[in-house]
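Counting starts at 1 for both ligands and their atoms, in listed order. Treat the numbers as computed from the prediction; the structure is a model and nothing was measured. For this chain, numbers begin at 1 and follow the sequence in order.
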Amino acid sequence: MNILLLGSGAREHALAVSILRSTSTSTLHCIPGNPGIASIATCHSIDVTNESILAFCLEHSIAFVVVGPEQYLEQGIADVLRDNSIAVFGPSQAAAMLETSKSFSKDFMKKHSIPTARYANFDSTQLVDASDFLHSLSTPIVIKADGLAAGKGVIIAQTKQEAQETIAQMFSGKFGKASSKIVIEEFLNGVEISVFAICDGNDFVLLPAAQDHKRILENDKGKNTGGMGSYAPTPFATKEIMQQISENIVAPTLQGMKNAGTPFIGCLFVGLMIVDSKPYVIEYNVRFGDPETQSVLTLLQGDVARLLYSATKGSIDKETISISSGYASTVVLASKGYPDEFEKGKVISGLDAIKPENVQIFHAGTTTKDGSVVTNGGRVVSVTSYAPTLEESLEKAYQGVQQIQYENKVYRQDIGLKGVNQLKLIS
Ligand code: AMP
Ligand code: GLY
């Protein structure tokens, strides 16, 4: 089967490695890809409009498309391809609203009694109502732009005045159209985890829970980023909590989407806050997360391409994969300045060095220039490892990190530490 993967991050590099392990993959193409993906698959830099992608699929006899980033789903790529009888792992534009509109997803959760933070939605004609509502909450207060805002659309205001200013800024176009509507919600204080459910519209497989590290600095300080590291499975997701997530969150979400005539096919990524041993949904994403995917896929044995393909056919093949018993960890190497304006063009060395066993490098913001691989993005590469214990997997990942050099390499030194401490606490 000829497969096309859409995207260019470390998440897609990890997906490419998994897809290529499958015996059903004949050829793997990627649009646009990156130098890491180009070393194992054929990358094409073409326009990423629905029309160009469809034309590409027809020309290259693509039978199956795996969509990485949400932007393609928001532009309706899954609908266009399905209309042309091409199997797609990724939801329709309508089902993608679980991520592309936060007010839609909050109303959906309320309707289906899915646990989430108390909230209200407002548009720019409702400034007075919005301030009344925020005065009914205690600080900190969470304010979210309704639409996609490149991961920057959530502000946690420490005071009511800051909340008031944030609302005014959002309504005056801080995030363009994405903040013409907003969600104001109560702050949940707990432990954050990420869970992926591979969904076929009716049924699903829950993958091991991961923990992301969103802030740029150690101890979760500094600005929010796309994610600076991850590990899985996280001990914060106990068996009981995973069962609650499955029964009280993922199952009713799939049922609700099916009943609405917009069945969810793809990876449902549930961002959760565990408060007093109960999971609450912070947000849905409608695709794999980055950097969680690098860790989670490393734990999967078996035929991942088959798992994803069977989901697109409405009959998920749960037996095709199994979960390794150890731990996977991912450390993200970033560019100086990230998540604001960052440096580019720094020559990267050590990418080809022999890594410790079970350590892999996934490219993200890299490009080739004059025969060298150079930095070209905020998040440059992910270093991912697998080992029987979490501590060993972290140690190996950091050994891999030391082998990669470029000027002003930035990374967090405390990835996985919360997990290690929690494991000590419960052992
Ligand atoms: P999102 O873009 O929705 O993932 O939000 C970004 C980050 O803001 C999340 O990963 C959480 O750390 C934080 N966040 C969002 N909503 C809440 C909430 N209701 N309570 C506490 N933290 C939140
Ligand atoms: N790791 C968070 C995300 O992919 O949105």
Test side-chain contact (heavy atoms from CB on, under 4.5 Å) on Thr116 and Tyr280 and set out the steps. CA-CA 5 Å; Thr116 189; Tyr280 292 82; 5.6 Å; no
Tell me whether Lys318 is salt-bridged to Asp203, with the criterion being a basic N under 4.0 Å from an acidic carboxylate O. yes
Which residue owns the protein heavy atom closest to atom 2 (C) of ligand 2, what's the atom, and how far is it? Asp212 OD2, 3.5 Å
Any donor-acceptor pair under 3.5 Å linking the side chain of Asn376 with the backbone of Gly365? no
Below 4.0 Å from any atom of ligand 2, is there a heavy atom belonging to Ser230? no
Please determine if Glu357 and Lys396 form a salt bridge, counting it only when a charged side-chain N lies under 4.0 Å from a carboxylate O. no
Donor-acceptor check, side chain of Arg306 to backbone of Ile321, threshold 3.5 angstrom: yes or no? no
Write out the residue and atom name of the closest protein heavy atom to atom 5 (O) of ligand 2, then the distance separating them to 0.1 Å. Arg287 NH2, 3.0 Å
Please confirm whether Arg11 approaches ligand 2 to less than 4.0 Å, judged on its heavy atoms. no
What I want to find out is whether Glu185 reaches Arg118 closely enough, with some N-O distance under 4.0 Å, to be called a salt bridge. no
Quick check for you: to the nearest 0.5 Å, what is the distance between Ile348 atom CD1 and Gln405 atom CD? 11.0 Å
Near Gly289, which atoms of ligand 2 are under 4.0 Å from a heavy atom of that residue? 4 (O)
Is there a donor-acceptor contact under 3.5 Å linking the side chains of Ser103 and Ser101? yes
Interfacing atoms of ligand 2 (cut-off 4.0 Å, heavy-atom, Glu292): 1 (N), 2 (C)
Would you mind running through ligand 2 and noting each atom that sits below 4.0 Å from a heavy atom of Lys214? 2 (C)
Numbered atoms of ligand 2 (with element) below 4.0 Å of Gly226, judged on heavy atoms: 1 (N), 2 (C)
Is Gly227 near ligand 2, meaning one of its heavy atoms is under 4.0 Å from it? no
Contact check, Phe288 vs ligand 2, heavy-atom distance below 4.0 Å: no
ring-ring contact (aromatic ring centres under 6.0 Å, His included) pairs, two or more places apart, involving residues 177-206: Phe196-Phe269, Phe196-Phe288
If you count only heavy atoms, which residues are under 4.0 Å from ligand 1? Lys102, Ala117, Val142, Lys144, Val154, Ile156, Glu185, Glu186, Phe187, Leu188, Glu192, Lys214, Met273, Ile282, Glu283
For the pair Thr253 and Phe264, evaluate side-chain contact (heavy atoms from CB on, under 4.5 Å) and give the outcome as yes or no after the intermediate values. CA-CA 9 Å; Thr253 301; Phe264 189 92; over 6 Å; no
Less than 4.5 Å apart, side chain to side chain, heavy atoms only: is that true for Ile265 and Asp200? no
